[in-house]
Amino acid sequence: MLDIKLLRNDIDAVAKQLAKRNFTLDAALFQALEDKRKTLQTATQELQNERNTRSKSIGQAKAKGEDIQPLLAEVADLGDKLKAAEEDLSTLQAQIDDIVMGIPNLLDDSVPEGKSEDDNVEVSQWGTPPIFDFEVKDHVDLGSPNGLMDFESASKLTGSRFVVMRAGMARMHRALIQFMLDTHINEHGYTEVYVPYMVNEESLFGTGQLPKFAEDLYKIQSGDKEADKSEQSYYLIPTAEVPVTNLVRDEIVDANSLPIQYTAHTPCFRSEAGSYGRDTRGLIRQHQFEKVELLHFVKPENSEQALENLVTHAETILQKLELAYRKVILCAGDTGFSASKTYDLEVWLPAQDTYREISSCSNMKDFQARRMQARFRNPETKKPELLHTLNGSGLAVGRTLVAIIENYQCEDGSIRVPRVLQPYMGGMEILK
RNA sequence: GGAGAAGUGGCCGAGAGGCCGAAGGCGCUCCCCUGCUAAGGGAGUACAUGGUUUAUCCCGUGUCGAGGGUUCGAAUCCCUCCUUCUCCGCCA
């Protein structure tokens with residue numbers, strides 16, 4: 001959520017900024033609604049003030065034992081007028097809130113212009129893509145023959161975009177999670193957190209998935225209960241960003257505890273509505289996948305550096321796994337709704353002969369914090385101020401598995417186990 | 001799943017229709033006194049938001065778990081939901 005004052009005072013500049021990300025802000029409509037709001041709110045508050053003062057005088061008169069009937073008569077129609085005014089105001093306010101909640105974050109000045117992912121700018125490369133003297137297979141062909149990776153069974157159990165893994169494959173998948181968590185905890189100073197995989201609506205509003213992206217989420221319907229509107233419903237988390245970031249929702253954290261760095265392993269659930277036909281083969285785009293997430297809560301002046309650190313932490317994993325990758329900065333048109341600036345890490349996939357996203361690291365600045373009222377007390381001004389929140393994948397586990405399988409493949413179809421993972425797999429060196 | 005109790009500022013806690021944005025305590029900030037393993041005195045100290053502009057000041061509005069309702073007036077009464085605790089049942 002953007003600062004409402006910024007929208008009131010300088011909406012044209014905001015609209016211009018947002019145009020960079022292909023977002024059209026109807027400044028005239030907002031302005032008109034705002035003007036109405038101002039008069040309506042002032043009028044409503046005047047009525048409330050009148051009610052309050054009159055009620056108070058009734059109380060005082062009663063305490064003195066005076067006759068309050070004439071006073072009651074005076075306020076007879078005040079209630080109805082006030083009620084009407086309050087209803088008009090809340091309707092109008094809801095309209096304004098809808099608009100404001102649907103406005104994406106302002107982009108950092110360093111974000112390059114561009115319309116789509118084709119305009120993202122490469123920042124750096126690490127490692128060299130391996131050269132094979134045989135025809136490379138993709139991870140599906142490598143994993144399927146021995147049932148290590150089994151998409152047919154998964155579609156029987158559930159449907160498309162799920163997987164069953166067996167034996168060494170399942171173990172390597174688990175090893176990756178442990179390896180990532182251990183690295184972030186031991187070398188990068190993160191605190192591990194375990195969080196619910198289902199969250200309420202408020203949490204999803206806090207991080208920005210709602211109200212705009214409801215179709216990407218799975219909503220839980222509990223058992224035999226008919227959808228009862230009065231009861232709160234839960235959603236499966238699309239990323240650990242949601243539960244972990246919401247830890248600071250409605251909190252005023254001690255400035256001394258900053259920066260806070262959390263890491264969490266969770267499954268992620270995405271409906272992938274709107275991506276029909278994309279990446280239908282293999283593990284790349286699943287309804288359920290594991291991710292190790294990195295989150296920072298920092299003072300505003302430190303968030304720029306925190307993003308650089310966070311990306312480095314994610315890069316460390318790829319480097320230890322000796323996987324070639326490149327780092328890109330997302331252009332204006334490709335940067336996500338809540339993000340001010342995003343780096344993607346893209347790992348080399350031999351079978352696709354290209355780099356594919358494996359991590360996305362973003363500085364949300366105060367966008368999520370404002371929605372969540374996540375604050376810290378500034379020791380100098382003694383006033384609460386909004387935190388800056390950041391998050392990034394460190395890394396997406398399924399896609400990392402894909403990268404290992406394809407980059408470490410041998411001519412006979414077996415897969416070498418990366419050195420750093422071997423201790424996590426009982427010393428196993430070859431996966432077949 | 002059944003029965004009961006409770007949710008008040010950074011924390012603890014009083015308050016039971018009007019004199020309550022809320023006693024008292026702890027903590028914190030500032031000042032004074034004193035002078036040495038410390039103690040005493042005084043003052044201040046919720047958040048959001050509108051007028052209202054970077055900000056200050058002032059005036060208002062809202063907020064006592066959340067949302068509705070009753071009333072001239074609700075922290076206080078009623079309803080729904082959420083959460084916590086106690087007892088019983090069940091359970092990885």
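So you know, we letter chains A, B, ... as the sequences are listed, proteins then strands, and number each from 1.
Look at the P atom in both U54(B) and U49(B): the space between them is 15 Å, to the nearest Å. For the C1' atom pair drawn from G7(B) and G67(B), the interatomic distance equals 16 Å after rounding to whole Å. Between U70(B) and C78(B), the distance separating the two C1' atoms is 7 Å to the nearest Å. When the P atom is used for both U8(B) and A3(B), the distance is 25 Å, rounded to whole Å. Here the separation of C11(B) from G68(B), taken at their P atoms, is 25 Å to the nearest Å. Spacing of C1' atoms, C77(B) relative to U71(B), comes out at 10 Å, to the nearest Å. Of the P atoms belonging to G24(B) and C31(B), the separation is 24 Å, rounded to the nearest Å. The same atom, C1', is picked in A46(B) and in U34(B); the two are 34 Å apart, to the nearest Å.
In this structure, a donor-acceptor pair under 3.5 Å is absent between the side chains of H287(A) and E272(A). A donor atom on one side chain and an acceptor atom on the other are found under 3.5 Å apart for E308(A) and Y343(A).
Under the 4.0 Å criterion applied to side-chain N and carboxylate O atoms, R399(A) and D279(A) are not assigned as salt-bridge partners. With respect to the salt-bridge test (charged N to carboxylate O, under 4.0 angstrom), the residues E34(A) and R37(A) qualify. Residues K291(A) and E293(A) are paired through a salt bridge, judged by an N-O separation under 4.0 Å between the basic side chain and the carboxylate.
One cannot find a donor-acceptor pair under 3.5 Å joining the base of G18(B) and the side-chain atoms of K56(A).
Here G69(B) is the nucleotide among G69(B), U49(B), C47(B) with the atom lying nearest to any side-chain atom of K83(A). Ranking C72(B), C47(B), G51(B) by closeness to the L72(A) side chain, first place goes to C72(B).
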Under the rule of Watson-Crick or G-U wobble with both distances under 3.5 Å, where | means paired to another strand and [ ] a crossing pair, RNA chain B maps to ((((((((.[[[..)..(.....]]]((((((.......))))))((((((......)))))).[[[[[..)....]]]]])))))))....
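Using a 4.0 Å heavy-atom criterion, one finds that K38(A) contacts the sugar-phosphate atoms exclusively. Heavy atoms of R370(A) sit nowhere under 4.0 angstrom from any nucleic acid atom.
Residue R37(A) is the one, among R37(A) and E86(A), whose nearest nucleotide of RNA chain B lies closer to the 5' end (criterion: closest heavy atom). Both R375(A) and Q41(A) lie near RNA chain B, and the one whose nearest nucleotide falls closer to the 5' end is R375(A).
Counting only residues at least two apart or in different chains, salt bridge (Lys or Arg N to Asp or Glu O under 4.0 Å) contacts with residues 98-117 of chain A comprise D108(A)-K365(A). Here salt bridge (Lys or Arg N to Asp or Glu O under 4.0 Å) pairs that include residues 40-61 of chain A, with residues two or more places apart or in two chains, are E50(A)-R54(A), R54(A)-E74(A). The ring-ring contact (aromatic ring centres under 6.0 Å, His included) contacts involving residues 17-47 of chain A comprise nothing, where partners must be two or more places apart or lie in separate chains.
Protein atom CD1 of I4(A) is 10 Å distant from nucleotide atom P of U49(B), rounded to whole Å.
Here Y197(A) and F269(A) keep their ring centres 6.0 angstrom or further from each other. Ring to ring, Y262(A) and H184(A) are not that close: their centroids are 6.0 angstrom or more apart.
Scanning residues 45-55 of chain A for heavy-atom distances under 4.0 Å to RNA chain B yields Q45(A), Q48(A), N49(A), R51(A), N52(A), S55(A).
Applying the 6.0 Å contact sphere to CZ of R281(A) captures more than 12 heavy atoms from other residues, nucleotides or ligands. When the shell of 6.0 Å around CE of M428(A) is examined, it contains more than 12 heavy atoms from other residues, nucleotides or ligands.
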Listed pairs, N/O of protein and of nucleotides 25-29 of chain B, under 3.5 Å:
from	atom 1	to	atom 2	distance (Å)
U29(B)	O2'	K382(A)	NZ	3.1

